[in-house]
Amino acid sequence: MLLQSTPAADGFRMPGEHEPHSRIWLAWPVRSDNWRDNAGPAQAAFAAFITELVKYTPVGVAVCEAGRESAGRLLPAEVKQVVVKYNDAWMRDMGPTFVVNDKGEKRAISWQFNAWGGEVDGLYPDWQDDDKVAAVIAVHEQADYYQAPFVLEGGSIHCDGDGTLYTTAECLLHASRNPQLSREHIEANLQKYLGISKVIWLPQGLYDDETNGHVDNILHVVRPGEVMLTVCADDSDPQYAISQAALERLAAETDARGRQIKVYPLPLPGPLYMSADESAGLVPDQHIPRVAGERLGASYANFLISNQTVFWPRLDEKTDAQAEAVLQQAFPDYRLVGLPARDIVLGGGNLHCISQQVPG
């Protein structure tokens, strides 16, 4: 049922990703202009992720008509598959954000979705089906939902579940999202819909990220008062200054409860670039340019926490072990599951971008 109030007014908040989950939702990739070789390699990568994920958390997968055969063939039998119309497979951004109250009840939020920029710089021209997905998933979760009156993607926010939200000014203040809203208006909306009391604004996200700098590609909340941040050791790389500015901002802030913020530095993989063979496997499209030599938005921060398990992307043999060591330091009591993820990052995101958790 569509609700007319707001989550905060009803006593609901967005929990941290480290809190328990009852399900993870994904959508099955099929677009041949974004996923090479008719999405075959991406489907294999999604299936490998889901096969590991379902060992620890129930999984639901939205499948469009064009993907029913491949999903049925590649996904484990225990995965819940539902036929849904959508434009591409980024469940974090088009799917619902769930909120909970002190009684353990859950509700969903459907944000307005415009394909990361709408008419200004959106990545594809038709996003009408994507914009309806959140309400559809809410029905499958038997959850009432709110329709937010502004544009937001799930990957542009991280909440610690204890009053603090992390985001980037690059994304939420971008002209392609809500140009009619000031920073103060956006903060007020985040408070109304997510039950938070403080927003920490990083200046920018990952260098050349086509989402206009989603926070989940540079930072990840570990637990209240602790975050992981992508850093760059090469001061000639554009990411170096971006990460240094983020470190300075985090050092100057306290969270909603007055804690100093502990930062675990994650290495930057690569930089990684799309190969000629990978580019040649795509159907050309003017809205999603994928060309040989394009720098990929690769980041170890784009991992998923679910039920005491961290699913993280293996991206570069030179830095994977270092990233794993930092993750183990931050999550000493968690299982770590590393997954080859190049064929996901080739599409513009990673494990966090393609998944959306339901509190449990």
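Reckoned from all heavy atoms, side chains included, excluding hydrogens, waters and symmetry mates. All of these numbers come straight from a predicted model, not from anything done at the bench. The first residue of the sequence shown is numbered 1, and numbering continues consecutively from there.
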Classify the side-chain pair D277/S275 by whether it contains a donor and acceptor separated by less than 3.5 Å.
no

Under 3.5 Å, is there a donor on one side chain and an acceptor on the other for T57 and H21?
no

I'd like to know if the side chain of T230 pairs up with that of S299 as donor and acceptor (distance under 3.5 Å, no hydrogens or angles considered).
yes

Does NZ or CZ of R31 come closer than 6.0 Å to the centre of the six-membered ring of Y86, within 45° of the ring's axis?
no

Distance-only donor-acceptor check, side chains D130 and Y124, under 3.5 Å:
yes

CD of E324 to CG of L327, rounded to nearest 0.5 Å, is 7.5 Å

Drop me the distance from T211's OG1 to W116's CH2, to the nearest 0.5 angstrom.
9.0 Å

Search all heavy atoms of G297 against all heavy atoms of V345 and return the closest pair with its distance.
O-CG2, 3.6 Å

Through direct or indirect side-chain contacts below 4.5 angstrom among Ile, Leu, Val, Met, Phe, Trp and Tyr, which residues connect to V291?
none

Start with the C-alpha distance between N307 and T309, add both sets of side-chain angles, then the distance that settles side chain to side chain donor-acceptor pair (under 3.5 Å), and finish with yes or no.
CA-CA 5 Å; N307 293 340; T309 308; over 6 Å; no

Would a 4.5 Å heavy-atom cut-off, applied to side chains only, mark I354 and M91 as touching?
no

Pair D88, N34: side-chain N/O donor-acceptor within cut-off below 3.5 Å:
yes

In the structure I gave you, are the side-chain heavy atoms of H18 and V222 within less than 4.5 Å of one another anywhere?
no

By salt bridge (charged side-chain N to carboxylate O under 4.0 Å, His left out), which residues pair with R177, not counting sequence neighbours?
E153

Are any of the side-chain heavy atoms of L173 and W201 separated by less than 4.5 Å?
yes

Would you check if the side chain of K198 reaches a backbone N or O of T254 as a donor-acceptor pair within less than 3.5 Å?
yes

Test item: D129 side-chain N/O and K132 main-chain N/O as donor-acceptor pair under 3.5 Å
no

Can you measure from CE (M1) to OH (Y146) and round to the nearest 0.5 angstrom?
9.5 Å

Report, as yes or no, whether the 6.0 Å neighbourhood of atom CD on Q180 holds more than 12 heavy atoms from other residues, nucleotides or ligands.
yes

Heavy-atom closest contact (H214 atom, S156 atom, distance)
CD2-CB, 3.7 Å

Are the side chain of Q356 and the backbone of G95 linked by a donor-acceptor contact shorter than 3.5 Å?
no

Does E210 come within less than 4.0 Å of R290, counting only side-chain N to carboxylate O?
yes

For D343, which residues count as a salt bridge (charged side-chain N to carboxylate O under 4.0 Å, His left out) partner, sequence neighbours excluded?
R36

Can you check whether H185's main-chain N or O pairs, donor with acceptor, with S182's side chain at less than 3.5 Å?
yes

So, using salt bridge (charged side-chain N to carboxylate O under 4.0 Å, His left out) as the criterion, who are the partners of D162 when residues are at least two apart?
R257, R259

Heavy-atom nearest pair, W111 first then A148, reads CE3-CB, 3.5 Å

For residues 155-182, the ring-ring contact (aromatic ring centres under 6.0 Å, His included) pairs (sequence neighbours left out) are H158-H220, H158-H352

Is the count of non-hydrogen atoms from other residues, nucleotides or ligands lying under 6.0 Å from R335 atom CZ greater than 12?
yes

Set of residues satisfying side-chain contact (heavy atoms from CB on, under 4.5 Å) with respect to E317, sequence neighbours excluded:
none

Going by heavy atoms in the side chains, are L53 and V337 under 4.5 Å from each other?
no

By the side-chain hydrogen bond (donor to acceptor under 3.5 Å, both in side chains) test, which pairs, at least two apart or in different chains, include something from residues 241-252?
Q239-S243

Give me each pair satisfying side-chain hydrogen bond (donor to acceptor under 3.5 Å, both in side chains) with a member in residues 73-84, each pair once, sequence neighbours excluded.
E69-R73

Note, V310 side chain near L304 side chain (heavy atom, < 4.5 Å):
no

Please list, chain by chain and in numerical order, all residues satisfying salt bridge (charged side-chain N to carboxylate O under 4.0 Å, His left out) with D237, sequence neighbours excluded.
R295

Crowding at CD, E105 (>12 non-hydrogen neighbours, <6.0 Å)
yes

D102 atom CG: more than 12 heavy-atom contacts under 6.0 Å:
no

Output the distance between atom CG (N212) and atom OG (S176), rounded to the nearest 0.5 Å.
4.5 Å

According to ring-ring contact (aromatic ring centres under 6.0 Å, His included), who are the partners of Y193, at least two apart in sequence or on a separate chain?
F150

By side-chain contact (heavy atoms from CB on, under 4.5 Å), which residues pair with C159, not counting sequence neighbours?
M14, L165, L194, I196

Can you check whether V231 reaches L247 side chain to side chain, under 4.5 Å on heavy atoms?
yes

Roughly how far, to the nearest 0.5 Å, is SG of C232 from CG of L266?
13.0 Å

So which heavy atom on Q260 is nearest to which on A251, and how close?
OE1-O, 4.2 Å

Kindly indicate whether the side chain of S355, heavy atoms from C-beta on, has any atom under 4.5 Å from the side chain of W25.
no

Might you point out which heavy atoms bring I109 and A134 nearest each other, and give the distance in Å?
O-CB, 4.3 Å

With sequence neighbours excluded, give me every ring-ring contact (aromatic ring centres under 6.0 Å, His included) pair touching residues 43-77.
W35-F46, F49-F311

About how many Å separate CG of L219 and CG of L250, when rounded to the nearest 0.5 Å?
6.5 Å

Using only atom types and a distance under 3.5 Å, with no angle test, would you say the side chain of T168 pairs donor to acceptor with the backbone of C171?
yes

Any side-chain donor-acceptor pair under 3.5 Å between Y264 and E226?
yes

